[in-house]
Each structure stands twice: as C-alpha cells, then as structure tokens.
Amino acid sequence: MKQTIILAVLALFMLSCGNNNKTLNTQSTEVCIWSDGQWSTDWMRAYADYVANADLEYCNMRVLDVFNSWGLAYIDDDNIPEMVLFCPGEAYGNIVLSYSDGKVSKWTSWRCNAEYIPRSGLLCNQDGSMGEYWDKVVRLKDGQFTEIYNHTDILYQSHDKIDDTTGADEYYCVFNGDTTMRIGFEMDCHQYDNKLNAIFYSKGNAITFGGSLDHIETAILEKGWRPTPSDGATLADYKLTLSVR
C-alpha cells in the first residue's frame, strides 16, 4: 500500500512562518520548514543539504535515489527535531539524522523495524534476518548515537520438527559482547527481555518510524527545489509546515 503523504502547503497571503527562530517551543506540534522561498532554520537547511549530497556507503547510489519519504521527530530532549528517512526496503533500514552544534550526525537501523520514545533520546531496533535476530537500544545525546544495549541470537544449528512439534534450535547468544551457547527459539531469553524493558520500554510510549509519523517526499530535499505556486500566488505567500510528534 502506498504510504500516505501528509504535506501541508498553506497559501497565506502577507504571512510567512513567523519570526524565523532557530529553536522551537517545546510544546510546539507544528514546525515551519520553508518560508519566503528558503528553508526556515539552520537545522532544516543542514538536513536538506546533507540529504541532497549524501551517498549510501554500501552501494554507488545517492540517498535520494533510494529513500523516498522523510519526517521529523523529537527523539532527544532539545528543541530541534531529528529527521527520519523512512525505510524503503529491508536492505536499507531507516536513517536518523540529528543536528547539534552546527553538525549533522547519522544513525542507521538494521532492516526496517525501529522505534523511539519521544524526548527520551532512546531508539530501539528489533529485527532479524537469515538466522540472526537482534534487540538493540541506542541513546542519542548531544548529537551522538551510542549503543547501550545489544542482545543478538545467531543460529548455530537448526533442528527439524519431531512428531509435529518444533525442535529446539541451537544459538550463539550474544549479550552486550558476551557470547554463550543456548538451546531454544530466537530471542527466547526472558532475562534479556526484562533488561530490554527496563532500559527502553519502561521509559515511555514507543512510536514506530513507519507508523504514525507524517511522511513527506524526499524530492523536496533536492537542491534548488521550489514549491509550485497556485494561480495568483507567489513563493512569498507560501509556508511549508510539518506536524511533529
């Protein structure tokens, strides 16, 4: 199903996005990102420039050639939202950009399943592929992404079904760098579930990147992009806003 693109382009004659502040009110639910023919804040210009010029490390393609939608989210507790480039396919994951001290930093999830707890600075990446399954928690603070929790199960030997029941497989269980061997099913280790709950899910309500966040087309991040005015309007009459959760 095609993702719903929520893009509010409001024709407001004689009105721009306000005083063009570089920080946002912490209670704000709507962020101005385009005003009078230009990106409205230093951080939005930095995000747009970064994406317009970024290449993917693992293939000879631009980010804009692969990622087709993005949104903003308050992941840490400052007044500048993070930019989330939503996963276009399992091989690419999600990209999260953060702006701090005039610089843009990046975190990429493994595959598509990732979530965050608003204003906690915490992101969680739970997924799996081809016999490897993981729970990872990352903390964002002062523009730096730091992994603070890692439980990964790597399939060592798979056992066939016996008498219509599933045999218990053997896994290398890696927890924060320590490796043990165990028998069971992927991610079936309750002591680690409790640790994950304590470090992440107990901190608030988690929001998935591909779910309730507003999606905007990455095409507008191309250098030189300009909105197309409707009849009788000029670029100065437009403001571009995005609802941030």
Side-chain angles (χ1 to χ4, degrees), residues 5-57 61-88 92 94-108 116 118-119 121 123 140-145 209 213-230 233-245:
I5 299 173
I6 305 174
L7 182 61
V9 182
L10 306 177
L12 301 179
F13 292 94
M14 306 303 293
L15 182 64
S16 67
C17 290
N19 60 9
N20 213 23
N21 285 336
K22 296 180 182 179
T23 59
L24 307 172
N25 186 294
T26 57
Q27 301 303 314
S28 175
T29 58
E30 195 172 73
V31 179
C32 172
I33 58 177
W34 179 274
S35 177
D36 296 331
Q38 61 184 330
W39 298 113
S40 61
T41 60
D42 288 344
W43 55 263
M44 191 62 229
R45 284 191 292 273
Y47 285 151
D49 287 345
Y50 184 97
V51 176
N53 292 288
D55 294 325
L56 296 173
E57 299 91 344
M61 299 180 71
R62 301 184 311 156
V63 168
L64 285 173
D65 293 332
V66 177
F67 288 79
N68 53 30
S69 64
W70 63 277
L72 297 176
Y74 287 116
I75 295 177
D76 61 8
D77 60 357
D78 64 20
N79 289 334
I80 299 176
E82 278 61 54
M83 175 179 282
V84 181
L85 294 159
F86 298 110
C87 181
Y92 301 104
N94 303 273
I95 294 176
V96 179
L97 303 179
S98 183
Y99 180 84
S100 180
D101 293 330
K103 298 178 180 179
V104 175
S105 55
K106 180 183 74 170
W107 174 76
T108 303
Y116 75 102
R119 298 193 180 279
L123 305 109
L140 170 61
K141 185 175 178 60
D142 298 327
Q144 299 298 313
F145 295 94
F209 287 150
L213 288 178
D214 291 342
H215 288 58
I216 291 182
E217 292 177 317
T218 53
I220 72 171
L221 300 175
E222 290 274 13
K223 283 190 171 181
W225 176 84
R226 294 292 186 273
T228 302
S230 59
T234 68
L235 289 178
D237 297 323
Y238 278 78
K239 78 173 182 178
L240 185 65
T241 62
L242 180 68
S243 175
V244 178
R245 304 184 184 189

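Nothing here was measured: the structure is a model prediction, and the numbers come from that model. In what follows, residues are counted from 1 in the order of the sequence shown.
Here the CG-CG distance, from L242 to D214, works out to 5.0 Å after rounding to the nearest 0.5 Å. To the nearest 0.5 angstrom, D78 atom CG is 8.0 Å from L140 atom CG. Expressed to the nearest 0.5 Å, how far CD1 of I33 lies from NZ of K239 amounts to 11.5 Å. With rounding to the nearest 0.5 angstrom, the OG atom of S69 is 10.0 Å from the CD1 atom of I216. D76 contributes atom CG, which lies 11.5 Å from atom CD of Q144 (distance to the nearest 0.5 angstrom).
Listed by chain and residue number, R62, L64 satisfy the side chain to side chain contact (heavy atoms under 4.5 Å, CB included) test with E222 (two or more places apart in sequence, or in another chain). Residues passing the salt bridge (Lys or Arg N to Asp or Glu O under 4.0 Å) test with K141, sequence neighbours excluded: none. Under the rule for a side chain to side chain contact (heavy atoms under 4.5 Å, CB included), the partners of A73 that lie at least two apart in sequence or sit in another chain are I75, V84, Y116, L213.
Of all the heavy atoms in G71 and F86, the pair that sits closest is N-CE1, 3.4 Å. Taking each heavy atom of L123 and W107 in turn, the nearest pair found is CD2-CZ3, 3.8 Å.
Between W39 and W34, the ring planes are perpendicular. Angles over 60° get that label, and only those under 30° would be called parallel.
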Name each donor-acceptor pair under 3.5 Å that joins a side chain in residues 94-104 to protein atoms two or more places apart or in another chain, with its distance.
unit_1 : atom_1 : unit_2 : atom_2 : d
N94    : OD1    : C87    : N      : 3.0
N94    : ND2    : S109   : OG     : 3.2
N94    : ND2    : C112   : O      : 2.8
S98    : OG     : E82    : OE2    : 3.1

